[in-house]
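Heads up: the structure comes next, in C-alpha coordinates.
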Amino acid sequence: MIFGKKKFFFFLVIILVSLLFYFLGRKQTDVYPMQYNAQISRMEDSILVEKVLTGQDGTETRKIALTFDDGPHPYYTEQLLDGLKERNVCATFFVTGEHAELYPEIITRMEEEGHLIGNHTYSHMQLKSGSLEAFKEELVKTNEIISGITGEEVLFVRPPYGTWEKSLEAELNMFPVLWTIDPLDWCSSNADGITRKVLSKAKENSIILMHDSYPSTVTAALRVVDELQKQGYEFVTVDEILFD
Ligand code: ZN
(Lines give C-alpha, C1' and ligand atoms only; values in the text may rest on other atoms or scores of the structure.)
Protein backbone atom coordinates (compact mmCIF):
# COMPACT_ATOMS: atom_id res chain seq x y z
CA MET A 1 0.00 0.00 0.00
CA ILE A 2 2.84 2.35 0.97
CA PHE A 3 4.69 1.35 -2.21
CA GLY A 4 1.48 1.94 -4.17
CA LYS A 5 1.15 5.45 -2.67
CA LYS A 6 4.74 6.33 -3.62
CA LYS A 7 4.15 5.04 -7.13
CA PHE A 8 0.97 7.16 -7.31
CA PHE A 9 2.86 10.31 -6.26
CA PHE A 10 5.68 9.48 -8.67
CA PHE A 11 3.22 9.32 -11.57
CA LEU A 12 1.42 12.42 -10.34
CA VAL A 13 4.73 14.34 -10.36
CA ILE A 14 5.51 13.08 -13.87
CA ILE A 15 2.05 14.15 -15.06
CA LEU A 16 2.39 17.59 -13.42
CA VAL A 17 5.88 18.12 -14.87
CA SER A 18 4.61 17.06 -18.32
CA LEU A 19 1.68 19.45 -18.05
CA LEU A 20 4.05 22.21 -16.94
CA PHE A 21 6.32 21.66 -19.96
CA TYR A 22 3.28 21.45 -22.23
CA PHE A 23 1.95 24.83 -21.06
CA LEU A 24 5.38 26.43 -21.05
CA GLY A 25 5.91 25.25 -24.61
CA ARG A 26 2.52 26.50 -25.68
CA LYS A 27 3.02 29.81 -23.98
CA GLN A 28 6.29 30.35 -25.83
CA THR A 29 4.79 29.71 -29.25
CA ASP A 30 1.80 31.92 -28.41
CA VAL A 31 3.97 34.74 -27.19
CA TYR A 32 6.50 34.64 -30.04
CA PRO A 33 4.34 36.35 -32.67
CA MET A 34 3.55 39.12 -30.19
CA GLN A 35 7.22 39.72 -29.44
CA TYR A 36 7.94 39.62 -33.17
CA ASN A 37 5.20 42.15 -33.91
CA ALA A 38 6.45 44.41 -31.16
CA GLN A 39 9.92 44.24 -32.63
CA ILE A 40 8.67 45.12 -36.13
CA SER A 41 6.66 48.06 -34.88
CA ARG A 42 9.64 49.33 -32.89
CA MET A 43 11.71 49.11 -36.07
CA GLU A 44 9.05 51.01 -38.01
CA ASP A 45 8.93 53.63 -35.30
CA SER A 46 12.66 54.17 -35.40
CA ILE A 47 12.67 54.41 -39.21
CA LEU A 48 9.84 56.90 -38.99
CA VAL A 49 11.64 58.90 -36.33
CA GLU A 50 14.80 58.92 -38.40
CA LYS A 51 12.89 60.02 -41.50
CA VAL A 52 10.77 62.70 -39.93
CA LEU A 53 12.56 64.08 -36.92
CA THR A 54 15.86 65.11 -38.40
CA GLY A 55 15.53 68.84 -37.83
CA GLN A 56 17.90 70.36 -35.29
CA ASP A 57 15.06 71.27 -32.94
CA GLY A 58 13.24 67.97 -33.50
CA THR A 59 10.73 69.44 -35.93
CA GLU A 60 9.69 67.78 -39.14
CA THR A 61 12.19 68.09 -41.99
CA ARG A 62 10.92 68.83 -45.47
CA LYS A 63 13.14 68.17 -48.47
CA ILE A 64 13.71 70.79 -51.13
CA ALA A 65 16.19 71.06 -54.02
CA LEU A 66 18.14 73.95 -55.48
CA THR A 67 19.18 73.52 -59.11
CA PHE A 68 21.50 75.76 -61.09
CA ASP A 69 21.65 75.80 -64.89
CA ASP A 70 24.06 77.06 -67.58
CA GLY A 71 27.29 77.03 -65.56
CA PRO A 72 29.89 76.66 -64.45
CA HIS A 73 30.71 80.36 -64.36
CA PRO A 74 34.37 81.09 -63.53
CA TYR A 75 33.52 83.52 -60.74
CA TYR A 76 29.92 83.27 -59.55
CA THR A 77 29.79 79.47 -59.40
CA GLU A 78 32.81 79.43 -57.09
CA GLN A 79 31.19 82.11 -54.94
CA LEU A 80 28.01 80.06 -54.75
CA LEU A 81 29.95 76.88 -53.90
CA ASP A 82 31.66 78.74 -51.03
CA GLY A 83 28.29 79.82 -49.62
CA LEU A 84 26.74 76.37 -49.99
CA LYS A 85 29.73 74.76 -48.28
CA GLU A 86 29.48 77.16 -45.34
CA ARG A 87 25.83 76.18 -44.95
CA ASN A 88 26.45 72.47 -45.47
CA VAL A 89 24.08 72.37 -48.44
CA CYS A 90 24.18 70.18 -51.56
CA ALA A 91 22.62 71.33 -54.82
CA THR A 92 22.28 70.08 -58.39
CA PHE A 93 24.16 71.74 -61.23
CA PHE A 94 23.03 71.26 -64.82
CA VAL A 95 26.10 72.35 -66.73
CA THR A 96 26.67 72.80 -70.44
CA GLY A 97 29.43 70.75 -72.04
CA GLU A 98 30.94 73.94 -73.38
CA HIS A 99 31.36 75.48 -69.92
CA ALA A 100 32.43 72.21 -68.29
CA GLU A 101 35.24 71.98 -70.85
CA LEU A 102 36.34 75.53 -70.00
CA TYR A 103 36.27 75.11 -66.21
CA PRO A 104 36.92 71.44 -65.37
CA GLU A 105 38.34 72.37 -61.95
CA ILE A 106 34.95 73.76 -60.92
CA ILE A 107 33.26 70.51 -62.00
CA THR A 108 35.79 68.60 -59.88
CA ARG A 109 35.04 70.85 -56.92
CA MET A 110 31.27 70.31 -57.30
CA GLU A 111 31.79 66.56 -57.33
CA GLU A 112 34.13 66.63 -54.33
CA GLU A 113 31.72 68.74 -52.30
CA GLY A 114 28.81 66.35 -52.83
CA HIS A 115 26.78 68.22 -55.45
CA LEU A 116 24.99 66.37 -58.22
CA ILE A 117 26.06 67.22 -61.76
CA GLY A 118 23.63 66.94 -64.65
CA ASN A 119 23.67 67.57 -68.38
CA HIS A 120 22.30 70.77 -69.96
CA THR A 121 23.43 69.94 -73.57
CA TYR A 122 26.75 71.05 -75.04
CA SER A 123 25.81 74.48 -76.39
CA HIS A 124 22.49 75.12 -74.61
CA MET A 125 20.62 73.70 -77.57
CA GLN A 126 16.86 73.75 -77.67
CA LEU A 127 15.44 70.51 -79.02
CA LYS A 128 12.92 72.34 -81.22
CA SER A 129 15.65 74.35 -82.92
CA GLY A 130 17.46 71.39 -84.46
CA SER A 131 17.16 67.72 -85.30
CA LEU A 132 16.70 65.06 -82.64
CA GLU A 133 19.95 63.51 -83.83
CA ALA A 134 21.93 66.74 -83.23
CA PHE A 135 20.31 67.15 -79.80
CA LYS A 136 21.24 63.58 -78.89
CA GLU A 137 24.83 64.17 -80.01
CA GLU A 138 25.05 67.23 -77.74
CA LEU A 139 23.85 65.16 -74.77
CA VAL A 140 26.24 62.28 -75.45
CA LYS A 141 29.19 64.65 -75.93
CA THR A 142 28.39 66.48 -72.68
CA ASN A 143 28.03 63.22 -70.77
CA GLU A 144 31.50 62.26 -71.99
CA ILE A 145 32.98 65.59 -70.94
CA ILE A 146 31.45 65.48 -67.44
CA SER A 147 32.24 61.83 -66.75
CA GLY A 148 35.74 62.38 -68.17
CA ILE A 149 36.25 64.88 -65.32
CA THR A 150 34.36 63.21 -62.47
CA GLY A 151 34.62 59.53 -63.38
CA GLU A 152 30.89 59.26 -62.68
CA GLU A 153 28.09 58.38 -65.08
CA VAL A 154 25.70 61.28 -65.81
CA LEU A 155 22.09 60.22 -65.28
CA PHE A 156 20.16 63.48 -65.15
CA VAL A 157 19.43 66.00 -67.86
CA ARG A 158 17.73 69.35 -67.79
CA PRO A 159 16.64 70.06 -71.34
CA PRO A 160 17.09 73.78 -72.16
CA TYR A 161 13.68 75.52 -72.16
CA GLY A 162 12.12 72.29 -70.89
CA THR A 163 11.69 70.77 -74.36
CA TRP A 164 12.22 67.04 -74.20
CA GLU A 165 11.72 63.87 -76.24
CA LYS A 166 10.62 60.89 -74.17
CA SER A 167 12.27 58.25 -76.37
CA LEU A 168 15.70 59.62 -75.35
CA GLU A 169 15.22 58.42 -71.76
CA ALA A 170 15.52 54.74 -72.66
CA GLU A 171 17.95 55.37 -75.48
CA LEU A 172 20.46 57.34 -73.42
CA ASN A 173 19.54 55.95 -70.00
CA MET A 174 18.94 59.50 -68.77
CA PHE A 175 16.24 61.05 -66.68
CA PRO A 176 14.87 64.55 -67.41
CA VAL A 177 14.52 66.96 -64.49
CA LEU A 178 12.23 69.95 -64.86
CA TRP A 179 11.36 72.37 -62.05
CA THR A 180 8.45 73.58 -59.91
CA ILE A 181 9.70 77.10 -59.01
CA ASP A 182 11.11 79.49 -61.60
CA PRO A 183 11.90 82.93 -60.14
CA LEU A 184 13.22 84.15 -63.56
CA ASP A 185 16.51 85.10 -61.86
CA TRP A 186 18.24 85.49 -65.24
CA CYS A 187 16.18 88.54 -66.14
CA SER A 188 16.47 90.42 -62.83
CA SER A 189 19.36 91.83 -60.83
CA ASN A 190 17.16 92.32 -57.77
CA ALA A 191 18.26 89.70 -55.23
CA ASP A 192 15.43 90.63 -52.81
CA GLY A 193 12.80 90.13 -55.49
CA ILE A 194 14.25 86.75 -56.54
CA THR A 195 14.42 85.64 -52.89
CA ARG A 196 10.79 86.64 -52.27
CA LYS A 197 9.56 84.83 -55.38
CA VAL A 198 11.23 81.59 -54.30
CA LEU A 199 10.17 81.82 -50.65
CA SER A 200 6.54 82.54 -51.53
CA LYS A 201 6.31 79.30 -53.54
CA ALA A 202 8.59 77.01 -51.53
CA LYS A 203 7.04 73.79 -50.26
CA GLU A 204 8.08 70.23 -49.57
CA ASN A 205 9.78 68.59 -52.60
CA SER A 206 9.98 71.82 -54.61
CA ILE A 207 12.65 71.92 -57.31
CA ILE A 208 13.94 75.49 -57.63
CA LEU A 209 15.41 76.64 -60.95
CA MET A 210 18.19 79.26 -60.84
CA HIS A 211 21.27 80.18 -62.88
CA ASP A 212 24.74 80.38 -61.29
CA SER A 213 25.98 83.05 -63.68
CA TYR A 214 24.77 86.17 -61.84
CA PRO A 215 25.78 87.84 -58.56
CA SER A 216 22.11 88.50 -57.70
CA THR A 217 21.36 84.78 -58.04
CA VAL A 218 24.20 83.87 -55.68
CA THR A 219 22.92 86.35 -53.08
CA ALA A 220 19.31 85.23 -53.49
CA ALA A 221 20.10 81.51 -53.41
CA LEU A 222 22.05 81.82 -50.15
CA ARG A 223 19.28 83.92 -48.57
CA VAL A 224 16.77 81.29 -49.63
CA VAL A 225 18.93 78.63 -47.98
CA ASP A 226 19.22 80.60 -44.72
CA GLU A 227 15.50 81.26 -44.51
CA LEU A 228 14.29 77.78 -45.48
CA GLN A 229 16.80 76.06 -43.17
CA LYS A 230 15.31 78.12 -40.33
CA GLN A 231 11.90 76.80 -41.37
CA GLY A 232 13.20 73.23 -41.09
CA TYR A 233 13.83 72.49 -44.76
CA GLU A 234 16.65 70.17 -45.76
CA PHE A 235 18.37 70.92 -49.07
CA VAL A 236 18.99 67.78 -51.10
CA THR A 237 20.08 66.88 -54.62
CA VAL A 238 17.23 66.21 -57.07
CA ASP A 239 17.68 62.43 -57.07
CA GLU A 240 16.55 62.40 -53.43
CA ILE A 241 13.33 64.19 -54.34
CA LEU A 242 12.59 62.17 -57.46
CA PHE A 243 13.40 58.69 -56.19
CA ASP A 244 12.95 58.63 -52.40
ZN1 ZN B 1 19.67 76.93 -69.50
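In each ligand, atom 1 is the first atom listed, and ligand 1 is the first ligand listed. Just so you know, these numbers use all the heavy atoms, side chains as well, and skip hydrogens, waters and symmetry mates. Throughout, residue positions are numbered sequentially from 1 according to the sequence presented.
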Check: Ser213 main-chain N/O paired with Thr217 side-chain donor or acceptor under 3.5 Å
no
Hey, what's the ring geometry for Tyr103 with His99, parallel, tilted or perpendicular (30° and 60° as the breaks)? tilted
Query raised in the report: Measuring to the Zn ion (ligand 1), does His211 have an N/O/S atom at a distance below 2.8 Å?
Result: no
Side-chain donor/acceptor of Glu204 to backbone N/O of Arg62, under 3.5 Å: no
Between Asp70 atom OD1 and His120 atom NE2, the angle centred on the Zn ion (ligand 1) rounds (to 10°) to 90°
For the Zn ion (ligand 1), the nearest N/O/S atom on His124 is atom NE2
Checklist entry - Near Trp186 CH2, under 6.0 Å, is it more than 12 heavy atoms from other residues, nucleotides or ligands? => result no
